[in-house]
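Written out below as structure tokens is the structure these notes cover.
Order of the sequence lines sets the chain letters (A, B, ...), proteins ahead of strands, with each chain counted from 1. Reckoned from all heavy atoms, side chains included, excluding hydrogens, waters and symmetry mates.
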Number of protein chains: 2
Amino acid sequence: MSARDKAISSTLGYALLGLLAREERSGYDLTQALKNPVGYFWFAQHSQVYPELARLETAGLVAHTLIEQADRPDKKVYRLTDMGRAALSAWLNADTELPRKRDELVLKAYSIWLADPAAAARMMREHAQTHAAHLAEFQSGLSNLEGEAGAALWQPDSPWFGVHAVLRRGIGYEREYSEWCEWLAQCLEGTEKGSP
Amino acid sequence: MSARDKAISSTLGYALLGLLAREERSGYDLTQALKNPVGYFWFAQHSQVYPELARLETAGLVAHTLIEQADRPDKKVYRLTDMGRAALSAWLNADTELPRKRDELVLKAYSIWLADPAAAARMMREHAQTHAAHLAEFQSGLSNLEGEAGAALWQPDSPWFGVHAVLRRGIGYEREYSEWCEWLAQCLEGTEKGSP
DNA sequence: CCATTCATGTAATCGGTTACATGATTCT
DNA sequence: AGAATCATGTAACCGATTACATGAATGG
């Protein structure tokens with residue numbers, strides 16, 4: 001009844017809690033995790049992570065232990081508290097609003113009729129390749145996971161299942177995006193048949 | 001050499017220029033357009049649109065005419081200037097950075113192993129339906145466009161082609177999203193076989 | 001009668017990015 | 001010699017959301 005009434009944290013807070021639910025980590029580790037495929041759908045800089053961790057600790061959702069290190073800087077290793085676990089659970093059950101998409105490339109596509117078709121096609125091919133590369137990364141990530149996790153990959157109460165679900169989303173997203181770029185490039189090139 | 005050196009506008013500015021390249025509009029109309037499928041990949045509130053239009057006008061990229069109306073509030077109808085068209089063109093040719101994705105539902109999927117599977121499955125089914133509804137909207141939008149635009153739909157120098165490209169992206173995006181939600185729901189339900 | 005549409009703005013706030021700041025160790 | 005990794009913070013800024021503000025006409 002004390003801290004549960006007001007939704008203490010921003011979405012970033014829950015991203016951090018979700019990572020800490022798996023294992024203890026420092027602010028630095030958390031920031032790294034948000035760069036990897038797993039945190040691919042919620043990015044943050046370290047300058048956002050450290051203050052957020054402080055807020056979560058004030059709210060009693062996480063706690064830290066200072067680890068003194070000889071040849072490296074000391075670090076604060078954070079862990080989830082029982083209240084933190086409860087807050088995470090409550091967030092999972094709450095309604096989720098649709099994200100507002102903002103994609104500059106799609107916005108450019110809307111005005112692409114004003115551009116030089118050949119140059120635009122080249123641009124789209126580049127983006128197709130970028131997304132194809134991301135796709136390949138996710139796919140190899142899933143392969144590795146199969147080796148590591150085995151059957152746990154398909155068990156909804158296993159932490160591996162969470163990674164699995166996110167990777168699947170990444171694979172679908174990048175595949176679709178890459179194909180769209182390719183399709184657009186082909187449309188644009190269709191016009192320029194006679195060029196040498 | 002006067003206004004081209006510094007990239008005057010934010011991405012929102014180019015979104016507005018892209019709309020005005022097709023036809024003259026008021027700030028109100030522009031805000032509405034950003035709610036429709038066409039502006040689906042770059043949303044903005046009117047409180048952002050009006051100041052941005054003022055900035056664009058100061059920079060000489062748009063100009064407005066005041067239209068006095070009898071039974072409705074007067075309005076300012078904006079049009080693209082030559083400088084505005086040039087700025088739009090330059091933006092189209094410039095490099096496009098990848099958007100940082102932020103999707104709360106995918107973030108929840110990462111922690112879904114902590115949730116009740118049945119409740120989580122229900123949640124995912126709901127989202128699958130939402131995205132399926134968006135998909136249907138985009139598909140009917142494309143059908144309507146075929147009727148309106150005909151062959152121009154496939155001509156890269158036609159404004160219809162821009163709409164076409166964005167709708168295709170919307171269709172692919174929503175289909176993939178909806179299918180992922182369905183897949184997840186089925187995985188989660190797979191566990192709960194024995195429940196009455 | 002009340003909500004919605006048309007129409008344009010301003011102000012407060014907040015989440016996120018970029019830049020500032022420090023410093024030891026290890027790799028190239 | 002210089003860059004990268006580990007490690008933690010603060011400060012300035014900017015883009016975006018929510019709320020404040022006004023007001024006539026139309027539709028349910």
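Residue pairs meeting the ring-ring contact (aromatic ring centres under 6.0 Å, His included) criterion with at least one member in residues 82-106 of chain B, sequence neighbours excluded: B/Y14-B/W91.
Look at CG on B/D74: it is 14 Å from C1' on C/dG9, rounded to the nearest Å. Whole-Å rounding puts the B/L30 CG to C/dC6 C1' distance at 14 Å. Protein atom NE2 of B/H64 is 8 Å distant from nucleotide atom P of C/dG9, rounded to whole Å. The CZ atom of B/R55 sits 11 Å away from the P atom of D/dC14 (whole-angstrom rounding). Atom-to-atom, NZ of A/K35 to C1' of C/dG16 comes out at 15 Å; the value is rounded to the nearest Å. Here the C1' atom of nucleotide C/dC6 and the CD1 atom of B/I67 are 15 Å apart, to the nearest Å. In this structure, A/E104 atom CD and D/dG15 atom C1' are separated by 14 Å, rounded to whole Å. Whole-Å rounding puts the B/K76 NZ to C/dA7 P distance at 14 Å.
The 5' end of DNA chain C is approached more closely, in terms of each residue's nearest nucleotide, by B/V77 than by the other of B/V77 and A/R72.
Side-chain nitrogen and oxygen atoms of A/Y28 include none within less than 4.0 Å of the OP1 or OP2 phosphate oxygen of D/dT8. Contact annotation: B/Q69 side-chain N/O to C/dA7 OP1/OP2 distance is under 4.0 Å.
Of the possible polar contacts, one joining the B/S140 side chain to the B/E137 backbone as a donor-acceptor pair under 3.5 Å is found.
For A/W180 and A/H131, the ring centers sit 6.0 Å or farther from each other.
Proximity note for B/K75 (side chain, C-beta onward) versus D/dT10, C/dT8, D/dG9: the nearest is C/dT8.
Between B/D103 and A/W42 the shortest side-chain heavy-atom distance does not fall below 4.5 Å. No side-chain heavy atom of A/E104 sits under 4.5 Å from any side-chain heavy atom of B/L98. You'll find the side chain of B/Y50 stays beyond 4.5 Å of the side chain of B/K76, heavy atoms only.
Salt bridge status for B/R25 with B/E23: present, with a side-chain N to carboxylate O gap under 4.0 Å. Salt-bridge formation is detected for the pair B/E189/B/R125: a Lys NZ or Arg NE/NH1/NH2 atom is positioned less than 4.0 Å from an Asp or Glu carboxylate oxygen.
The side-chain tip of B/R169 points at the ring of A/Y177 from less than 6.0 angstrom away and within 45° of straight on.
Remark on the helix from C/dC1-D/dG28 to C/dT28-D/dA1: inter-end axis angle 40°, axes from five-pair C1' superpositions, rounded to 10°.
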*Using a 4.0 Å cut-off on protein heavy atoms (strictly under), produce a 5'-to-3' string for nucleotides 16-24 of chain D with B for base contact, S for backbone-only sugar-phosphate contact, and - for none.*
SBBB---B-
